Enquirer: 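Sharing a structure with you now.
All values reported here derive from a predicted model rather than from experimental measurement.
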Amino acid sequence: MTGNGQGLLWVMRILSAIVLLAIGGIHLFLVFDGVGGLLGTLFVLNAIAALVLAIGMLALRGRLLKLATILSLLFTIASLLSLILALTVGLFGIRETWDFTLVPQTIVVDSIGVVVLAITSVVAFRAPREARTAQAA
């Protein structure tokens with residue numbers, strides 16, 4: 001991979017980790033703000049998963065990094081879709097409203113996260129192909 005490509009991958013990995021930490025941080029804040037029961041437990045698990053994935057985005061290399069990017073993208077999509085379902089038809093018997101704490105902000109952060117992680121995944125998966133092409137030339 002060229003120096004510019006490697007730099008782009010690092011920037012995207014850092015942005016991905018920041019977005020994942022923001023998603024986890026929002027959910028953890030909501031637990032400390034009083035969300036309990038099943039939803040509170042799911043939010044704590046979300047925060048733990050976000051932290052583990054963020055560490056993976058920064059620490060892993062090669063195939064494991066590719067796996068981390070895809071898992072992080074799926075995690076972010078699942079987080080966004082869970083909130084959308086809770087806002088529309090309900091999820092696990094829970095109906096959410098737009099005026100609940102951090103709902104609009106969570107939609108924005110999760111949406112940005114989907115875009116950032118999709119780009120990171122593409123960059124991570126293109127990296128080896130670009131390196132082989134540069135070596136062949």
Enquirer: Which ILVMFWY residues are connected to V122, directly or by a chain of links, through side-chain heavy atoms under 4.5 Å apart?
Expert: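 Joined to V122, directly or through intermediates: none.
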Enquirer: Going through the distances and angles, do L65 and L9 end up as a side-chain contact (heavy atoms from CB on, under 4.5 Å)?
Expert: CA-CA 11 Å; L65 174 60; L9 180 57; 4.2 Å; yes
Enquirer: Give me the atom names and distance for the closest heavy-atom approach of E96 to L83.
Expert: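 Taking E96 first and L83 second, the nearest heavy atoms are CG-CD1, 4.1 Å.
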Enquirer: Can you tell me how far apart CG (L28) and CG (D33) are? Round to the nearest 0.5 Å.
Expert: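 Reported to 0.5 Å precision, the distance equals 11.5 Å.
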Enquirer: So, taking the atom named CG in L80 and the one named CD1 in I112, what distance separates them when rounded to the nearest 0.5 Å?
Expert: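 Answer for the CG-CD1 pair, L80 versus I112, is 11.5 Å.
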Enquirer: Return the minimal non-hydrogen interatomic distance between S72 and L20, and the atom names on each side.
Expert: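 Here S72 and L20 meet closest at OG-CD1, 3.6 Å.
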Enquirer: Taking the side chain as every heavy atom from C-beta outward, state whether Q105 and L102 have any atom pair closer than 4.5 Å.
Expert: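 With C-beta onward as the side chain, the pair touches.
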Enquirer: Tell me who clusters with I55, hydrophobic residues only, linked when side chains sit under 4.5 Å apart either directly or through other members.
Expert: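 L21, L51, listed by chain and number.
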Enquirer: Calculate, to the nearest 0.5 Å, the distance between atoms CG and CD1 belonging to L8 and I119 respectively.
Expert: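 Spacing of CG (L8) from CD1 (I119) equals 9.0 Å.
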Enquirer: Output all residues satisfying side-chain hydrogen bond (donor to acceptor under 3.5 Å, both in side chains) with T76, sequence neighbours left out; order by chain, then residue number.
Expert: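 T76 satisfies side-chain hydrogen bond (donor to acceptor under 3.5 Å, both in side chains) with no other residue.
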Enquirer: Quick one: do L45 and L30 end up in the same hydrophobic cluster if we chain Ile, Leu, Val, Met, Phe, Trp and Tyr together by side-chain heavy atoms under 4.5 Å apart?
Expert: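 Different hydrophobic clusters.
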Enquirer: Restricting to side-chain hydrogen bond (donor to acceptor under 3.5 Å, both in side chains), what partner residues turn up for S16, sequence neighbours left out?
Expert: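 S16: side-chain hydrogen bond (donor to acceptor under 3.5 Å, both in side chains) contacts with T120.
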Enquirer: Does the side-chain contact (heavy atoms from CB on, under 4.5 Å) test come out yes or no for V103 and T97, once each step is laid out?
Expert: CA-CA 8 Å; V103 167; T97 60; over 6 Å; no
Enquirer: Supply the atom-to-atom distance S79 OG to D110 CG, rounded to the nearest 0.5 angstrom.
Expert: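 Reported to 0.5 Å precision, the distance equals 4.0 Å.
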Enquirer: Only counting residues at least two apart or in another chain, list the ones meeting ring-ring contact (aromatic ring centres under 6.0 Å, His included) with F43.
Expert: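 Only H27 meet the ring-ring contact (aromatic ring centres under 6.0 Å, His included) criterion with F43.
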Enquirer: For residues N46 and G24, report the shortest heavy-atom separation together with the two atoms involved.
Expert: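 Closest heavy-atom pair between N46 and G24: OD1-CA, 4.0 Å.
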Enquirer: Do you know the tightest heavy-atom contact between A68 and L53?
Expert: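 Nearest pair, atom of A68 first, then L53: O-CD2, 4.4 Å.
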Enquirer: Quick one: closest heavy-atom pair of R61 and R13, and the distance?
Expert: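 Minimum heavy-atom separation between R61 and R13: NH1-NH2, 2.8 Å.
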Enquirer: Could you please spell out the steps behind the side-chain contact (heavy atoms from CB on, under 4.5 Å) verdict for M12 and L15?
Expert: CA-CA 5 Å; M12 295 311 301; L15 288 174; 4.2 Å; yes
Enquirer: Using every non-hydrogen atom in the two residues, find where L73 and A118 come nearest and quote the distance to one decimal.
Expert: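 So the two residues come closest at CD1-N, 3.8 Å.
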Enquirer: Could you give all pairs that pass the ring-ring contact (aromatic ring centres under 6.0 Å, His included) test and reach residues 96-121, with sequence neighbours left out?
Expert: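 Of all non-adjacent pairs touching residues 96-121, none passes ring-ring contact (aromatic ring centres under 6.0 Å, His included).
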Enquirer: Against S111, only a single residue in V108, V115, I107, V114 fulfils side-chain contact (heavy atoms from CB on, under 4.5 Å); can you say which?
Expert: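 With S111 as partner, V108, V115, I107, V114 yield a single side-chain contact (heavy atoms from CB on, under 4.5 Å), made by I107.
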Enquirer: Are any of the side-chain heavy atoms of L117 and T69 separated by less than 4.5 Å?
Expert: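 No, their side chains stay 4.5 Å or more apart.
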